[in-house]
Amino acid sequence: MAKEYNFREIEKKWHRLWTERQTYKVIEDENRKKFYVLNMFPYPSGAGLHVGHPLGYIASDIYARYKRLQGFNVLNPMGYDAYGLPAEQYAIKTGQHPEKTTFANIDRYREQLDKIGFSFDWDREVRTCTPDYYHWTQWAFQKMFNSYFDEELQKAQPIEKLIEKFKAEGTWPSDEKAQSDLLMQYRLAFLGETMVNWCPQLGTVLANDEVVNGVSERGGYPVEQKKMRQWCLRVSAYSQRLLDGLDTIDWSESIKETQRNWIGRSEGAEIEIPYILPSSLGEGAGEGASFTIFTTRADTMFGVTFFVLAPESELVDKVTTPEQRTAVDEYIKYVKSRTERERMIDHTVTGVFSGAYGINPITGDKCPIYIAEYVLAGYGTGAIMAVPAHDSRDYAFAKHFNLPIIPLVEGADISTESYDAKEGIVMNSPISEDKSVKYDGESLCLNGLTIKEAIAETKRFVKAHNLGRVKVNYRLRDAIFSRQRYWGEPFPVYYKNGIPTMIPEECLPLKLPQVDKFLPTETGEPPLGNAQIWAWDEKTNSVVDCSAIDNKTVFPIELYTMPGFAGSSAYYLRYMDPHNDRALVSDKAASYWQNVDLYVGGSEHATGHLIYSRFWNKFLFDLGVSKKDEPFQKLINQGMIQGWSSFVYRLRNTNKFVSFDLLEEQYDDAKKKNFYYYQGTEADPVYADISMVSGNVLNVEKIREWTAEFRDAEFILNANGQYIVNQAIEKMSKSKYNVVNPDDICENYGADTLRLYEMFLGPIEQSKPWDVAGIDGCFRFLKKFWSLFWDKDGNLTADDSEATADNMKSLHKLIKKVSSDIEEFSYNTSISAFMVAVSELASQKCCSRQVLAQLPVLIAPFAPHIAEELWEALGNKGSVCDAQWPQYEEKYLVETSVKLGVQFNGKVRFAMDFPANATPDQMVQMATSAPEAQKHLEGMQIVKTIAIPGRIVNIVVKPQA
RNA sequence: GCCCAGAUGGUGGAAUUGGUAGACACGAGGGACUUAAAAUCCCUUGACCAUAGCGGUCGUACGGGUUCGAGUCCCGUUCCGGGCACCA
């Protein structure tokens, strides 16, 4: 009997042995080079692990195992991003403590992960929601609170240095409240009164990256703008460093570009605009007052015909004249009534004249100041100069309000639209000599210059005559760092007479208190307002009952909690030294592991986690805690594995479901969506769990049992008596009922097949729908691989016979291909190479130990279980993980002859063998004298020959004259 | 609107970076073994023409170009995906 590939037994055995032998335990070892591989840790959702999760884990596990075989000391940890909204919402619904459900989910994740055979060192597991972990999240927050960003040094400094500076300048106030307020403007973690994205349904604020198209990323609820006092992180201070750092790291160009867009650096100028309020106070009133505008097109100063302020700008009140007051107030009211979403979609021109005029310092012209929502308060200075000829928004505004338009670029046609391009020759700047104001005897003239030259010249002029300054603006906003939720890190802050005060560092962690309700309080306080024991006693340095608050030594503790990205921003540092209770990470561990060499995760975190993490790390680098300015040296973005969602269609206001093929389709232009009708009634899609569907046919009996919704429903079937569902490829998610978990595959094919198949599916970076159709191919391959080692009686085939040249060639070709493929993360092609090599060796009937002994090592990164089993069967001790990755030798790959295509006029006509060392002349000689060549040469004369040894022979011919 | 990435058989995807397009796998068709099924093995499989056999033409979204030679480089067009978006 041939020996069967019993994957169930093999995998069970090795899971046991790996645990017993602590095969994957990693310790710092100064004698070995380190390599740090990291996956974005998962949020343990109630749906469990689905087939998309392991994609990145397998990819990085392969790399980690490969690096280990190459002799590196590899850190490959795993943990859980355990704070989050779903657990809290589940808690609100069921009353179960989020910790309980989170830990239960973690156990399930762990069980599923263990089945797949990862080389994680589980002794280093972290969970962001445990006090020993969030201790250091709170600690970092306190450090940020006690730091400011020194613009000159471009790094964080202790706040004490700033206090010293103020004292030296004599600007340090004596009042404690004033001191606090002053420092708040500098601290890297600060309380700010800012416009926030408020989501009423979720009852919390959201960060910019958590809002997509004006609705919340989670749940899709409307988001409105609201002014609130919030904790913020001064991420914007690091804008330039975050931008510069991108050039030093090995990330995909598209994700770097996304971050560059998000940071949004633009170079321009700030220019002071004096203004007057003539109508109410007489000509010349308000003399001396001015506001500042920001522009990247300083060259267009001569084309300014009006100014615009953002409706939220503090200047609005100052420039509004009594005559215009009613109109302005009405306009502001209108703007406030519009949601963020409406403003984003609807770009109708709106605005109102303020009554005031701004003086263009270059031309001396008096231009009206408008208030309009197309100018954003949050960017630049919230005020702009409008140049309708060369800005499409200003153009639309000018046309609407009938304002003059002055063209400034030669040949630009501005009769129907503005000319926004930064190319061309400047004219009308100035229109006539008296239209350019003289400063110290100098007046600006840009006529004849290119736009780029004109920008530079204007900047110089403005700077030289103190009309403004050159300024770089960033779109990157400070991150709002507080959430009105329960299930997050509590802030280690209490309010001493209204002044935020840090709990002493040695008292950390400040543990999340128990509450009996996870909802906001009746008075609208965040959920932590429900906590009874949530006051800080300065005398005992401990948390005490709220009733003890006396505002002398006992004070209220902050009720906000930190957002999801707090715990995920520095977790890679914690893995280096996860059990340290005196520091986030010891200097020794940080110095050894440095930063992450390979980071694997989804590109959807480009403007969230991957920015926050870089910011957080740069801050810790300034502190000397992190040893590298950038946390993640190389980044691979694994694609999403999508699921096939199935929809059934319910006729509106009925309990009837209609087979999809009976529906009529219509396109709704207004909603940009397809709608379906059945006999005039609109049908609404409802998700059906994919387990109820085979192919595109619904199992009606099964769905009746699924939920009450379907139990008594009527199903209208098609002519074949079937109910057809509509299918769509979507992100795998519990709420879409399209989740496929890896457990069944492990059960039916084994983890090695799953690992191989997920990699064989295509390039890692590509998103693709999950489809099990091809899995048999990988399973067959493993069986063939296995049977290479066993004869029909179940004995090892490996013997001491010498390997043939063919054997060695097959082997070394494989080593070469697999080594380079792993380096390039091209795992699908290396699996193909394995398939080829195995069928070659099988047909060669190779049984040389010399060759066979290498194969388990080569396959170990991909299929570790089968590799271990064969490695052991071949008589080796220990684990294949400690073997050495084989080196290929060119001498086995050298070809004595090479088969090449022979081309005539660039078209391949036949193939023939050439000696590998043939010279070009010899190759041409051989090709032209070959019998197959004769018919192509007949009646032809050779014009030219091209031969490249090892590559190609091309003979250019033309008919004989 | 701006920026980035892409388009290759029925399907997933290869192609030494300018040198025999379609590796490998799935699916499909045919065959062997078997009472049968499963498993396994062998053959065919881009399209069209030809076919006893040899062979030929076209073909990498579309239209041009550079080159002895283009899936690969350049210009233009279309389509799909991603990011930013009233950012001055």
* Counting side-chain heavy atoms from CB outward, which of B:rG13, B:rG19, B:rA88 is closest to A:L376? -> B:rA88
* To do: Look through every strand shown and name the nucleotide pairing with B:rC41 as Watson-Crick or G-U wobble, where both distances are under 3.5 Å.
  => B:rG31
* Is there a donor-acceptor contact under 3.5 Å from the side chain of A:S252 to the main chain of A:I255? -> yes
* Asked: Between the base of B:rG13 and the side chain of A:Q766, is there any donor-acceptor pair under 3.5 Å?
  -> no
* Could you let me know what B:rG1 is paired to, Watson-Crick or G-U wobble, both distances under 3.5 Å, or none if it's on its own? => B:rC84
* If only side-chain N and O atoms of A:N954 are considered, is one of them under 4.0 Å from the OP1 or OP2 phosphate oxygen of B:rG19? -> no
* Kindly label the base of B:rG9 as syn or anti, based on whether its glycosidic torsion lies within 90° of 0. => syn
* State the NE2-OH distance between A:H390 and A:Y419, to the nearest 0.5 angstrom. => 8.5 Å
* Write down the distance separating the P atoms in B:rG9 and B:rU17, rounded off to the nearest Å. => 25 Å
* A:R909 has a side chain; which of B:rU57, B:rC4, B:rA14 sits nearest to it? -> B:rU57
* To do: Could you tell me whether A:R477 contacts a base, only the sugar-phosphate backbone, or nothing, with contacts defined as non-hydrogen atoms closer than 4.0 Å?
  => nothing
* Just how far, in rounded Å, is C1' of B:rU67 from CD of A:Q903? -> 12 Å
* To do: Name the closest nucleotide to the A:F760 side chain, picking from B:rC84, B:rA25, B:rC41.
  => B:rA25
* C1'-based separation of B:rC80 from B:rC42 [nearest Å] -> 41 Å
* **Check ion pair A:R260-A:D247 (N to O, under 4.0 angstrom)** => yes
* Are A:E267 and A:K471 ion-paired here, with the side-chain N under 4.0 Å from a carboxylate O? -> no
* Asked: Choosing from B:rG83, B:rC4, B:rG19, which nucleotide comes nearest the side chain of A:S254?
  -> B:rC4
* Structure fact -> As its Watson-Crick or G-U partner within any shown strand, both distances under 3.5 Å, B:rG22 has none
* To do: Pick the P atom in B:rU77 and in B:rU67, then give their distance to the nearest Å.
  => 24 Å
* Asked: Touch check for A:I948, heavy atoms < 4.0 angstrom, all strands: base, sugar-phosphate only, or nothing?
  -> base
* Looking at every strand, decide which applies to A:K817 at a 4.0 Å heavy-atom threshold: base, sugar-phosphate, or nothing. => nothing
* B:rU40, B:rG83, B:rG56: which one has an atom nearest the side-chain heavy atoms of A:K935? -> B:rG56
* **Same-atom distance (C1') from B:rG82 to B:rG29, integer angstrom** => 40 Å
* Starting at CD of A:E932 and ending at P of B:rG56, how long is that distance when rounded to a whole Å? -> 11 Å
* To do: Give the nucleotide from the list B:rA88, B:rG19, B:rC24 with an atom nearest to the side chain of A:T295.
  => B:rA88
* **Interatomic distance where CD1 belongs to A:I263 and P belongs to B:rA85 [whole Å]** => 13 Å
* Structure fact -> Here the pair of heavy atoms bringing A:H812 nearest to A:E889 is ND1-N, 2.9 Å
* Could you work out which one of B:rA14, B:rC86, B:rG19 sits closest to the side chain of A:T829? => B:rA14
* Asked: At under 4.0 Å, does any side-chain N or O of A:S392 touch on OP1 or OP2 of B:rG1?
  -> no
* Take A:Y331 and A:T350 through the test side chain to side chain donor-acceptor pair (under 3.5 Å) and record every step on the way to the result. => CA-CA 9 Å; A:Y331 183 67; A:T350 65; 2.7 Å; yes
* Structure fact -> note: A:I255, atom CD1; B:rC84, atom C1'; distance rounded to Å ~ 14 Å
* Pick base, sugar-phosphate or nothing for A:V375, based on heavy-atom distances below 4.0 Å to the nucleic acid. => base
* Asked: If you measure from the P atom in B:rG13 to the same atom in B:rC86, how many Å do you get, rounded?
  -> 34 Å
* Taking the side chain of A:W262 as its heavy atoms from C-beta onward, which of B:rA88, B:rU17, B:rC84 lies nearest to it? -> B:rC84
* Asked: Among B:rA88, B:rU17, B:rC24, which nucleotide sits nearest the side chain of A:R951?
  -> B:rU17
* Quantified in whole Å, what is the P atom distance between nucleotide B:rC49 and nucleotide B:rC43? -> 27 Å
* Which value, in whole Å, describes the distance between the C1' atoms of nucleotides B:rU16 and B:rG10? -> 29 Å
* Pairing partner (Watson-Crick or G-U wobble, both distances under 3.5 angstrom) of B:rA36 -> none
* To do: Please report, rounded to the nearest Å, how far the P atom of B:rA25 is from the CZ atom of A:R780.
  => 10 Å
* When we call it a touch if two heavy atoms are under 4.0 Å apart, what does A:E253 touch: a base, just sugar-phosphate, or nothing? -> nothing
* To do: Remember a base hit wins even if backbone is also touched, and classify A:L761 as base, sugar-phosphate or nothing at under 4.0 Å, heavy atoms.
  => sugar-phosphate
* Structure fact -> RNA chain B nearest-nucleotide lookup for A:T296 and A:K907: closer to the 5′ end is A:K907
* Under a 3.5 Å limit for both distances, which nucleotide forms a Watson-Crick or G-U wobble pair with B:rG55, could you say? => B:rC49
* Taking the nucleotide of RNA chain B with the closest heavy atom to each, which residue, A:I384 or A:K944, is nearer the 5' end? -> A:K944
* To do: Whole angstrom is fine here: how far is it from CG in A:D391 over to C1' in B:rA85?
  => 13 Å
* Asked: Hey, are A:K935 and A:E938 close enough for a salt bridge, meaning a charged N less than 4.0 Å from a carboxylate O?
  -> no
* Asked: So what does A:R260 touch, heavy atoms closer than 4.0 Å: a base, only the sugar-phosphate, or nothing?
  -> nothing
* **Rounded C1' spacing from B:rA5 to B:rC84 in Å** => 15 Å
* To do: Quick one: label A:K899 by what it contacts on the DNA or RNA (base, sugar-phosphate, nothing), any heavy atom closer than 4.0 Å.
  => base
* Asked: Would you call A:K768 and A:E758 a salt bridge, taking side-chain N to carboxylate O under 4.0 Å as the test?
  -> no
* Asked: Is the shortest side-chain N/O distance from A:Y379 to OP1 or OP2 of B:rA88 below 4.0 Å?
  -> yes
* **Rounded distance in Å - NZ (A:K422) to P (B:rG1)** => 20 Å
* Asked: Please give, in whole Å, the distance from B:rG83 C1' to A:M640 CE?
  -> 14 Å
* Asked: Is the base of B:rU17 syn or anti, if syn means a glycosidic angle within 90° of 0?
  -> syn
* Asked: Any idea which of B:rC26, B:rU20, B:rG13 is nearest the A:N828 side chain?
  -> B:rG13
Show me the donor-acceptor pairs, under 3.5 Å and distance only, between side chains in residues 773-787 of chain A and residues at least two apart or in other chains.
{"from": "A:D776", "atom 1": "OD1", "to": "A:Y749", "atom 2": "OH", "distance (Å)": "3.3"}
{"from": "A:W786", "atom 1": "NE1", "to": "A:K3", "atom 2": "O", "distance (Å)": "3.1"}
{"from": "A:W786", "atom 1": "NE1", "to": "A:E4", "atom 2": "O", "distance (Å)": "3.2"}
{"from": "A:S787", "atom 1": "OG", "to": "A:K783", "atom 2": "O", "distance (Å)": "3.1"}
{"from": "A:S787", "atom 1": "OG", "to": "A:K784", "atom 2": "O", "distance (Å)": "3.0"}

* B:rC73: pairing nucleotide in any strand, Watson-Crick or G-U under 3.5 angstrom -> B:rG65
* Asked: Which atoms form the tightest heavy-atom contact between A:T381 and A:T292, and what is the distance?
  -> OG1-O, 2.7 Å
